[in-house]
Chemist: 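Take a look at the following structure, please.
So you know, we letter chains A, B, ... as the sequences are listed, proteins then strands, and number each from 1. Any value given below was found using the heavy atoms of this structure, including those in side chains, with hydrogens, waters and symmetry copies removed.
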Amino acid sequence: MKIATWNVNSVKARADHVERYLSEAKPDVLCLQELKCVDENFPAERYEALGYNCAVHGQKTYNGVAILSRFPLEDVTRGLPGDSKDEQARYIEAVISTDDGVVRVGSIYLPNGNPTPGEKYDYKLKWMARLKAHAAKLLALEEPLVLCGDYNVIPGPDDVWDAKAWADDALYLPETRAAFRAIEYLGFTSAIEATQSEPHLYTFWDYQRGAWQKDHGIRIDHLMLSPQAADRLSQSGIDKATRGWERPSDHVPVWCELSA
DNA sequence: ATGACCTGTTTAACAGGA
């Protein structure tokens, strides 16, 4: 079972790219972030025509997340639990039923948090605390679980082209990385870290300053696996080629394969 | 050269991203 995640930076601008990726990479599940559209404008018909079911949690202009699956989607949760007043569409979760059993999947668009310090950084840390609390509840279910998406966290110095250049950024501050580790240490395995050995693998390259051409990237998109999912992890990958497509997203897809 | 982008919306500059 192949599970992929991709921040598309507007699903309207990237509708063709998503269709091409589904056709070529053939993931069983594709989590999307930064749709930047309301539910009614999500191009579900195009992906249903390719055999995918769609669960969407959209928002006008900003944020927006979705889960596409070749298998049925059940028990869909829209919005991260823990704050009923939070109106930002940054989390959707569903249970995927396959012939080999169920896998619970969450599509995450964690807040950026810049500038620091400030309200936006406070919101990021509070959101991460809520994610930790929710993740702990899900782990207690003791089932295959993949919480994947744009975490907006650079885990360590080997996950950025120049750590010094990011030292004061909300994606790399010690408090950000500590909050990420606190989630990871609940018992998650990072798919890329468990199956790739070389450092400096990136999932995002800024549109500015020729970052892609100079390979000035960062690794901020992650697939975090529960023990029951990690037991089945066979391989993972980062589909860099999409960054070279015409009018690309600044993020590329990241995926993992769970054996039966 | 301490420069250089992209998207949606309010359609001309903004906000927000990372």
Chemist: Output the rounded distance in Å from OH (A:Y207) to C1' (B:dG16).
Modeler: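 Rounded to the whole Å, the gap is 13 Å.
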Chemist: Hey, does A:Y151 reach any base, or is it just sugar-phosphate, or nothing, if we go heavy atoms under 4.0 Å?
Modeler: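 Nothing, no heavy atom under 4.0 Å.
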Chemist: B:dA15 and B:dT11: how far apart are their C1' atoms, nearest whole angstrom?
Modeler: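 After rounding to an integer number of Å, I get 15 Å for this pair.
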Chemist: Provide the distance between the two P atoms, one in B:dC14 and one in B:dA18, to the nearest whole Å.
Modeler: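 Straight-line distance between the two P atoms is 22 Å.
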Chemist: Using the C1' atom on both, measure B:dA1 against B:dA12 and round to a whole Å.
Modeler: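 Between the two C1' atoms, the distance is 29 Å.
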Chemist: Rounded to whole angstroms, how far apart are CG on A:L35 and P on B:dG8?
Modeler: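 Those two atoms, CG and P, are 12 Å apart.
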Chemist: OP1 or OP2 of B:dA18 less than 4.0 angstrom from a side-chain nitrogen or oxygen of A:Y109, does that happen here?
Modeler: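 So the side chain of A:Y109 is within the cut-off, an N or O lying under 4.0 Å from OP1 or OP2 of B:dA18.
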Chemist: Measure CD/A:Q208 against C1'/B:dA1 and give the value in whole Å, please.
Modeler: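 The answer, rounded to whole Å, is 15 Å.
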Chemist: With a 4.0 Å cut-off on N to O distance, would you call A:K2 and A:D28 a salt bridge?
Modeler: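 Looking at A:K2 and A:D28, the cut-off is not met.
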Chemist: In whole Å, I'd like the distance from the CZ atom of A:R247 to the P atom of B:dC6.
Modeler: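 To the nearest whole Å, that distance equals 9 Å.
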Chemist: With a 4.5 Å heavy-atom cut-off, do A:Y109 and A:Y151 have their side chains touching?
Modeler: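 No. Closest side-chain heavy atoms not under 4.5 Å.
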Chemist: What's the CZ-P distance between A:R14 and B:dC5, to the nearest Å?
Modeler: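 Rounded to whole Å, this separation is 16 Å.
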Chemist: Kindly indicate whether the side chain of A:N112 and the base of B:dA18 share any N or O donor-acceptor pair separated by less than 3.5 Å?
Modeler: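 Result: at least one qualifying N/O pair found.
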Chemist: At under 4.0 Å between heavy atoms, what does A:N7 touch on the DNA or RNA strands: base, sugar-phosphate, or nothing?
Modeler: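 Sugar-phosphate: the residue A:N7, judged by heavy atoms under 4.0 Å, touches backbone atoms but no base.
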Chemist: Between A:N9 and B:dG8, is there a side-chain N or O to OP1/OP2 distance below 4.0 Å?
Modeler: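 No.
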Chemist: Just how far, in rounded Å, is P of B:dG16 from CD of A:E34?
Modeler: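 A:E34 atom CD is separated from B:dG16 atom P by 13 Å.
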Chemist: Could you state the CZ-P distance from A:R243 to B:dC5, rounded to the nearest angstrom?
Modeler: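 Atom CZ in A:R243 sits about 13 Å away from atom P in B:dC5.
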Chemist: Please name the pair of heavy atoms, one in A:G58 and one in A:D39, separated by the smallest distance, quoted to 0.1 Å.
Modeler: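 Reported closest heavy-atom pair: N-OD1, 2.6 Å.
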Chemist: What is the separation between atom NZ on A:K214 and atom P on B:dC5, rounded to the nearest whole Å?
Modeler: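 Going from NZ in A:K214 over to P in B:dC5 covers 12 Å.
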Chemist: On a whole-Å scale, what distance lies between the P atoms belonging to B:dT10 and B:dC6?
Modeler: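 Roughly 23 Å separates the two P atoms.
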Chemist: Is the shortest distance from a Lys or Arg side-chain nitrogen in A:R247 or A:D16 to a carboxylate oxygen in the other one below 4.0 Å?
Modeler: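 Answer for the salt bridge query: no.
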Chemist: Would you call A:E193 and A:R219 a salt bridge, taking side-chain N to carboxylate O under 4.0 Å as the test?
Modeler: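 Between A:R219 and A:E193 there is a salt bridge, with a charged N closer than 4.0 Å to a carboxylate O.
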Chemist: Measure from the ring center of A:W6 to the ring center of A:Y21 and say whether it is less than 6.0 Å.
Modeler: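 Yes: the rings meet the under 6.0 Å criterion.
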Chemist: Between A:K120 and B:dG17, is there a side-chain N or O to OP1/OP2 distance below 4.0 Å?
Modeler: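 It does, given that an N or O in the side chain of A:K120 lies less than 4.0 Å from OP1 or OP2 of B:dG17.
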Chemist: Taking atom CD of A:E119 as the centre, report whether more than 12 heavy atoms of other residues, nucleotides or ligands fall under 6.0 Å from it.
Modeler: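 Count not over threshold, so no.
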Chemist: Heavy-atom contacts under 4.0 Å between residues 152-161 of chain A and DNA chain B, which residues?
Modeler: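 Those residues are A:N152.
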